[in-house]
Amino acid sequence: MNRLKIAAGNWKMNTTLNEAVQLAKDYKNGSRANNVISILGVPFPFMHAVLAELEGSDVHVAAQNCSEHDKGAFTGETSVSMIKSIGANYIIIGHSERREYFGESDALLAAKLTKCLEAGLTPIFCCGEPLQVRKAGTQVDYVKSQLKNALSHLSTPDLEKLIIAYEPIWAIGTGETATPQQAQDMHKALREYLEELFSIEIASHIPILYGGSVKPANAKELFACEDVDGGLVGGASLKADSFLAINNSF
Ligand code: PGA
């Protein structure tokens with residue numbers, strides 16, 4: 001199956017306006033593989049300026065979060081229609097930092113996914129286990145339940161738009177990466193589970209990205225795994241050179 005290849009950056013709460021626009025510009029102007037979809041996960045205040053900088057290029061912009069509500073008295077929140085209205089096409093949903101520090105539950109993430117998809121935007125849905133679960137050896141069941149709880153209500157056309165990012169929490173920002181074998185084992189298990197939940201067509205269509213200390217030095221061997229369709233990259237996406245190198249690692 002020829003799935004999409006995706007290099008997605010997640011800038012998290014980093015950069016100022018000038019740094020954000022410069023980073024997007026340097027990345028846009030760099031030499032990139034043209035069969036790889038590039039997505040930059042930009043902080044809300046800078047999305048509009050970054051989109052303007054990227055206009056006419058093939059680099060996409062993602063929000064890092066969205067509200068589960070449509071509009072109204074929700075101080076500090078950002079709706080999918082706001083995100084859509086500035087021209088962004090992707091939303092990262094359920095990052096482990098949102099789950100852990102902001103108490104986002106599977107049920108909340110299911111609602112956010114619905115809003116995102118109703119608006120015609122593409123969710124990058126994150127899942128992944130904490131260290132103690134990995135140590136106990138129950139990581140596959142743990143991540144399967146995250147998928148079941150957040151995705152079960154989605155229809156086939158919705159699922160065809162979905163991107164999944166498997167990000168073991170113990171590998172995020174720690175410098176410790178899952179081995180290609182660990183990544184491949186989990187991605188394969190998740191793909192088999194998607195087949196069980198939905199269909200073989202859906203399972204073989206959905207891109208599953210790996211995230212957790214992806215860098216130029218390890219991207220190639222991770223992306224070479226059969227079920228790893230790209231990366232969701234934090235720290236190494238904050239430098240144009242290293243994110244370009246990752247984009248060129250397929
Ligand atoms: P990292 O972050 O690449 O800095 O480990 C990945 C992520 O949190 O998406």
Donor-acceptor under 3.5 Å ([X] side chain, [Y] main chain):
X	Y	answer
R98	Q64	no
K215	S242	no
N149	S105	no
D229	I208	yes
N247	A33	yes
H69	F74	no
R191	I206	yes
N248	L244	yes
Q184	D227	yes
D26	L23	no

Quick one: are [X] and [Y] in side-chain contact, heavy atoms under 4.5 Å?
X	Y	result
Q182	Q139	no
V61	L54	yes
R134	Y142	no
Y27	L40	yes
F198	L151	yes
L190	C127	yes
I169	R99	no
K188	D185	no

Tell me whether [Y] is reachable from [X] by hopping between hydrophobic residues (I, L, V, M, F, W, Y) whose side-chain heavy atoms are closer than 4.5 Å.
X	Y	result
L113	I92	no
V233	M47	yes
W11	I93	yes
W170	V214	no
Y193	Y166	yes

Indicate the atoms forming the closest heavy-atom contact of [X] with [Y], along with that distance.
X	Y	result
P43	T15	CG-OG1, 4.1 Å
F125	A150	CZ-CB, 3.5 Å
A8	I124	CB-CD1, 4.4 Å
A24	V50	CB-CG1, 3.7 Å
A7	F243	O-CZ, 3.5 Å
A189	V140	CB-CG1, 3.9 Å

Other residues, nucleotides, ligands: >12 heavy atoms within 6.0 Å of [X] [atom1]:
X	atom1	answer
K12	NZ	yes
K161	NZ	yes
K5	NZ	no
L131	CG	yes

Exercise for the section: Determine, stepwise, if the pair I86 / M82 fulfils side chain to side chain contact (heavy atoms under 4.5 Å, CB included). Expected result: CA-CA 7 Å; I86 60 166; M82 292 173 176; over 6 Å; no
Practice task
Show your reasoning for whether side chain to side chain contact (heavy atoms under 4.5 Å, CB included) applies to E118 and V80.
Solution key: CA-CA 9 Å; E118 275 174 3; V80 291; over 6 Å; no
Rounded to the nearest 0.5 Å, how far does [atom2] of [Y] lie from [atom1] of [X]?
X	Y	atom1	atom2	answer
K144	E129	NZ	CD	13.5 Å
I202	L162	CD1	CG	9.0 Å
E226	R3	CD	CZ	7.5 Å
E104	C126	CD	SG	10.5 Å
I91	K84	CD1	NZ	10.5 Å
I163	I37	CD1	CD1	7.0 Å

Exercise for the section: If a pair satisfies side chain to side chain donor-acceptor pair (under 3.5 Å) and one of its residues is in residues 39-56, list it, with sequence neighbours excluded. Expected result: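 Every side chain to side chain donor-acceptor pair (under 3.5 Å) pair that includes a residue of residues 39-56, provided the two are not neighbours, is K28-E53.
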Handout entry: Side-chain donor-acceptor pair present, D141, T138, cut-off under 3.5 Å
Key =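 No pair is found: no donor N or O on one side chain lies under 3.5 Å from an acceptor on the other.
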Practice task
May I ask you to decide if the ring planes of Y90 and H60 are parallel, tilted or perpendicular, using 30° and 60° as cut-offs?
Solution key: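 Taking H60 first and then Y90, their aromatic rings stand perpendicular (interplane angle over 60°).
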Handout entry: Geometric class of the Y210/H187 ring pair [parallel <30°, tilted 30-60°, perpendicular >60°]
Key =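 The rings of H187 and Y210 sit tilted, inter-plane angle from 30° to 60°.
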Problem - side chain to side chain contact (heavy atoms under 4.5 Å, CB included) between I39 and T122, worked out - result: CA-CA 11 Å; I39 306 168; T122 300; over 6 Å; no
Practice task
For K71 and S79, run side chain to side chain contact (heavy atoms under 4.5 Å, CB included): C-alpha distance rounded to whole Å, both residues' side-chain angles, the deciding distance at 0.1 Å, then the answer.
Solution key: CA-CA 6 Å; K71 63 192 272 194; S79 70; 5.6 Å; no
Practice task
Give a yes or no on whether a salt bridge exists between E68 and K115, defined as a side-chain N under 4.0 angstrom from a carboxylate O.
Solution key: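 Salt bridge flag = no for K115 with E68.
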